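Below is one structure, written out as structure tokens, with a few remarks after it.
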Amino acid sequence: MKIIVTERIADDGIEHLKKDGHEVDVKYGISHEELLQIIQNYDSIIVRSVTKINEELITKGTNLKVVGRAGNGVDNIDLPACTKRGIIVVNTPESNSMAAAELAVGLAYAIFRNIPQAHWAGKDKKDFRRNKFLGNELDQKTVGVIGLGRIGSIVASKLKGSNMRAIAYDPYITDEKFDKLGVERCETLNDLLGQADLITIHTPKTAETINIINEEQIKLCKEGVRIVNAARGGLVNEAALYNGIKSGKVAAAALDVLSPEPNYDKKPEDQDYENKLFELDNVIITPHLGASTDEANYNVGTCVAELVADALRGDMVAAV
Ligand code: NAD
Ligand code: MLT
């Protein structure tokens, strides 16, 4: 069968599909408009988080049988539209959890100690005045985890290892899991906001979680709170965050995800992307790097290829 892969996955994944007898077209960075023109030629499409599998694409993809999401979040895929057409959607939710959790922890350290800012001041401007980069310790502070699922749990454990007190807000997780992780449950989001020195968000992007941190929530935070979002752009309202940083209420933020996101496959000269958050020195931004480790790439690429091949063969798969 014919499979199109629109975002970078591990070569081993592509090889797996070819060995299974499929014809694979690798078209990294293809535009939505181009994809609409050719999607009817394919039985399956493999994407990460940038390609939008919307209703229009599904309607034009008259031969589509399987959508493979190389990674975790499926907020870029119109699941009801796929279901209506009988298209199977598979993803690989566990294969990059460690990578994403490690990045979130790294971002927390980076914003507590101003590591990127200090590096670039020295490298770009020969400004080595270290008094400009006085930070704070994570030790004995409180981390508030919003969403204690796969990634949130790892982040909580790792930061407890940094001697932080861990609290979390997740109404869908049992008390047993909180107890097992040694994390204190917050009954409400407001309860978490009033206690956390560091807030780190690990929910999916749903109607309920979009803008989960907005102007009103920022008002309820501790003075000098720091915020990490390595989950999805739009969970933290960017205008509210901008104002929170400008007012000094939020000491710093680290974002691995934005809303909207830049095109991660375009060269700088072809990039047409503006975001006011880049103006702020105490906001650090990484290009959706959460899953970008060799290990996660390999896991995600091979796992999605196996799932897509199984589904195309008619074997049982765990669909989303
Ligand atoms: P998960 O499904 O295992 O956990 C999400 C948790 O959020 C669940 O426990 C759920 O109960 C909780 N939740 C849902 N709605 C909530 C709400 N309104 N309030 C509080 N909690 C709520 O997901 P995961 O695998 O841990 O992934 C977490 C996020 O990280 C997702 O958005 C995913 O797309 C994203 N992610 C980002 C990267 C990256 O590269 N930056 C990599 C992997 C995953
Ligand atoms: C994911 O949801 O798996 C991550 O955001 C990583 C990605 O898709 O690049």
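Only a predicted model underlies this, so the values are computations on that prediction, with no experimental measurement involved. Along the sequence shown, residues carry numbers from 1. The analysis underlying the following values was restricted to heavy atoms, covering all of them including side chains, and did not include hydrogens, waters or symmetry mates. As the structure lists them, so they are numbered: ligands from 1, and atoms in each ligand from 1.
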What heavy-atom pair brings Tyr264 and Val50 nearest, and what distance separates the two atoms? CD1-CG2, 3.8 Å
Decide, yes or no, whether a salt bridge links Asp20 with Arg313 under the criterion of side-chain N to carboxylate O below 4.0 Å. yes
Could you tell me the separation between the SG atom of Cys221 and the CD atom of Glu216, rounded to the nearest 0.5 Å? 11.5 Å
Partners of Met1 by side-chain contact (heavy atoms from CB on, under 4.5 Å), sequence neighbours excluded? His22, Asp43, Lys65, Leu312
Could you name each residue pair satisfying side-chain hydrogen bond (donor to acceptor under 3.5 Å, both in side chains) that touches residues 290-306, not counting sequence neighbours? Arg48-Asn297
For Val155, does its backbone N or O pair with a side-chain atom of Lys160 as donor and acceptor, under 3.5 Å? no
Near ligand 2, which protein residues have a heavy atom under 4.0 Å away? Arg48, Ser49, Arg69, Gly71, Asn72, Gly73, Asn96, Arg232, His288, Ala291
Here's a test for you: under side-chain contact (heavy atoms from CB on, under 4.5 Å), which of Asp139, Thr142, Leu159 qualifies with Met164? Leu159
Dump all N/O pairs between ligand 1 and the protein below 3.5 Å as a table: atom names plus distance, one pair per row.
unit_1, atom_1, unit_2, atom_2, d
ligand 1, 3 (O), Arg150, N, 2.9
ligand 1, 3 (O), Arg150, NE, 3.3
ligand 1, 3 (O), Arg150, NH2, 3.4
ligand 1, 9 (O), Gly149, N, 3.4
ligand 1, 9 (O), Asp170, OD2, 2.6
ligand 1, 11 (O), Asp170, OD1, 2.8
ligand 1, 11 (O), Asp170, OD2, 3.2
ligand 1, 18 (N), Glu208, OE1, 3.0
ligand 1, 25 (O), Asn72, ND2, 2.6
ligand 1, 25 (O), Arg150, NE, 3.0
ligand 1, 26 (O), Arg150, N, 3.4
ligand 1, 26 (O), Ile151, N, 2.8
ligand 1, 27 (O), Asn72, ND2, 3.4
ligand 1, 32 (O), Thr203, O, 2.7
ligand 1, 34 (O), Arg232, NH1, 3.4
ligand 1, 34 (O), Arg232, NH2, 3.3
ligand 1, 40 (O), His288, NE2, 3.4
ligand 1, 40 (O), Gly290, N, 3.3
ligand 1, 40 (O), Ala291, N, 3.2
ligand 1, 41 (N), Ala230, O, 2.9
ligand 1, 41 (N), Asp256, OD2, 2.9

Side-chain ion pair, Arg226 and Asp197, N-O less than 4.0 Å: no
Are Ile146 and Val236 grouped together when hydrophobic residues (ILVMFWY) are joined by side-chain heavy atoms under 4.5 angstrom apart? yes
